[in-house]
Amino acid sequence: MLANLLHVPEDLRIFIGTISTVFLLYIPLFFYLYLSSLIIYLFNRPRYNQDYIIVLGSGLIDGQYVPPLLASRIERAMTFYHRQVKKGRPAPKLVFSGGQGGDEKLPESVAMQRYAIDHGIPVEQTLTEEKSVNTLQNMQFSKQIIEADTDKDKPRIIFSTNNYHTFRAGLFAKQAHLKADGIGAKTSKYFLPNATIREFIAILSMKRHQLLFVTICSLLFAILAVLLNHLN
């Protein structure tokens, strides 16, 4: 391999080496910032004075049953609900958010609502958002439902999802102009590393314009490095 490398023209080695160096600096730094932000977000503790809790949906088992991962999101919201009531404050409404996939027999939000009702949440304290197909739409459409349901100018809102998903969901809430913090349900340890990496890749995709900018800059640096080599 080293012998092959020696036969590569010097300009090409400088060009490739400069681009590689830029990305070897950018990707680890971006991952560090992402992981740091995620950890900080996990320590967020919203006050027990919320008006609404948006519960973000995910796929159903056999197109109609709540799987364990989704159940953990609902249970995290219900735990917050009960703690707020225990403190003598008005119960928040749970907004179950999730549309119906092509292979599903009912909207995810309806299955989630049934799960919560079966576990003691009064039906009048629940709302369903049945159109969304992704997290951004979860936030956008849930916001519309809340605005139609409340007479408050600035209702207090949080969302419930899995802990690895809280940071990216928060970014989508910001995109939807929804002021809402997240609470995260625990995720199985064996699943967490894989989920965290997938979230990182998804955030990279969200930041594709930034990634394009870094790519263009790396190309310019590489061209400059080749030109400087010729000047020397």
(request) For residues Phe172 and Asn138, determine if any side-chain heavy atom of one lies less than 4.5 Å from a side-chain heavy atom of the other. (result) no
(request) Show the numbers, then the answer: is there a side chain to side chain contact (heavy atoms under 4.5 Å, CB included) between Arg76 and Arg73? (result) CA-CA 5 Å; Arg76 181 70 180 91; Arg73 300 181 181 188; 5.7 Å; no
(message) Rounded at 0.5 Å granularity, tell me how far CG in Asp118 sits from CD1 in Ile74.
(response) 10.0 Å
(request) State, with a plain yes or no, whether a side-chain heavy atom of Leu38 is found less than 4.5 Å away from one of Glu199. (result) no
(request) Using the test side-chain contact (heavy atoms from CB on, under 4.5 Å), find all partners of Pro122 that sit at least two apart in sequence or belong to another chain. (result) Tyr81, Glu124, Gln125
(request) Would you name the heavy atoms of Ile146 and Pro155 that are closest together and state the gap between them? (result) CG2-CG, 4.0 Å
(message) Whether the side chain of Arg156 engages the backbone of Asn49 through a donor-acceptor N/O pair (distance < 3.5 Å, no angle test) should be reported.
(response) yes
(message) Nearest 0.5 angstrom please: Ser132 OG to Asn134 CG, how far?
(response) 7.5 Å
(message) Can you tell me how far apart CG (Leu70) and OH (Tyr65) are? Round to the nearest 0.5 Å.
(response) 15.0 Å
(message) Show the nearest heavy-atom pair for residues Met78 and Ile121, with the distance to one decimal.
(response) SD-CG1, 3.6 Å
(request) For the residue pair Ser142 and Tyr52, establish whether any side-chain heavy-atom pair is separated by less than 4.5 Å. (result) no
(message) Check whether Glu129 reaches the backbone of Ile145 with its side chain - one donor and one acceptor, N or O, closer than 3.5 Å.
(response) no
(request) Grab the two heavy atoms, one from Gly99 and one from Glu104, that are nearest each other, plus how far apart they are. (result) O-OE1, 3.6 Å
(message) Regarding Gln113 and Thr128, do their side chains bring together a donor and an acceptor under 3.5 Å, going by distance alone?
(response) no
(request) Would you give the length of the straight line joining atom NZ of Lys93 to atom CG of Leu127, rounded to the nearest 0.5 angstrom? (result) 5.0 Å
(request) To the nearest 0.5 Å, tell me how far Arg168 CZ sits from Thr135 OG1. (result) 5.5 Å
(message) Could you check whether atom CZ of Arg198 has more than 12 heavy atoms from other residues, nucleotides or ligands sitting under 6.0 Å from it?
(response) yes
(request) Dump the intermediate steps for side chain to side chain contact (heavy atoms under 4.5 Å, CB included) on Gln50 and Gln84, then the final yes or no. (result) CA-CA 8 Å; Gln50 305 302 315; Gln84 181 164 312; 3.8 Å; yes
(request) Work out which heavy atom in Ile183 is nearest to a heavy atom in Ala77; give both atom names and the distance. (result) CD1-CA, 4.5 Å
(message) Parallel, tilted or perpendicular, judged at 30° and 60°: which one describes the rings of Tyr34 and Phe200?
(response) tilted
(request) Heavy atoms only: give me the nearest Phe159-Ala180 pair and the separation to one decimal. (result) CE2-O, 3.6 Å
(message) For Ile197 and Phe31: C-alpha separation, side-chain torsions, deciding distance, then whether side chain to side chain contact (heavy atoms under 4.5 Å, CB included) applies.
(response) CA-CA 9 Å; Ile197 295 298; Phe31 184 75; 4.2 Å; yes
(message) Could you go through Phe141 and Glu130, starting from their C-alpha distance and side-chain angles, then the distance that decides it, and tell me whether this counts as side chain to side chain contact (heavy atoms under 4.5 Å, CB included)?
(response) CA-CA 9 Å; Phe141 297 153; Glu130 305 176 13; over 6 Å; no
(message) I need the minimum non-hydrogen distance between Asp181 and Asn44, along with the two atoms involved.
(response) CB-ND2, 3.3 Å
(message) With heavy-atom distances below 4.5 Å as the criterion, would you say the side chains of Pro68 and Ile61 are in contact?
(response) yes
(request) Can you measure from OG (Ser97) to CE (Met112) and round to the nearest 0.5 angstrom? (result) 7.0 Å
